[in-house]
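Data block below; observations after.
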Amino acid sequence: MTLMRKHKHTEITVHAIRQRHGVPYHVERTVCSNCQRLLEEKTIKRAAA
């Protein structure tokens, strides 16, 4: 059994290109720099093909 220590998430913003149904989109992901947990992801706009 692994014990996880509580910590305050330190947010960093990462920009990436993801595909949905074959169409590329620019997304902004907010992740914790300590545990790499995805905190938020939002689609910004459709990317150029």
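These numbers were taken from a predicted model, which means no experiment stands behind them.
- Under the side-chain hydrogen bond (donor to acceptor under 3.5 Å, both in side chains) criterion, T43 pairs with R20, not counting sequence neighbours.
- Sorted by first and then second residue, the ring-ring contact (aromatic ring centres under 6.0 Å, His included) pairs involving residues 10-31 (not counting sequence neighbours) are H15-H26.
- Atoms NE2 and SG, from H9 and C35 in turn, are 5.0 Å apart once rounded to the nearest 0.5 Å.
- Between L39 and V31, the shortest heavy-atom distance links the atoms CD1-C, 4.1 Å.
- Distance check: C32 SG to H7 NE2 gives 3.5 Å after rounding to the nearest 0.5 Å.
- Across all non-hydrogen atoms, the minimal contact from N34 to K8 is ND2-O, 4.0 Å.
- With values rounded to the nearest 0.5 angstrom, T30 atom OG1 is found 13.5 Å from R37 atom CZ.
- You'll find the side chain of V27 stays beyond 4.5 Å of the side chain of K42, heavy atoms only.
- The backbone N or O of L38 sits nowhere less than 3.5 Å from a side-chain atom of E41 that would complete a donor-acceptor pair.
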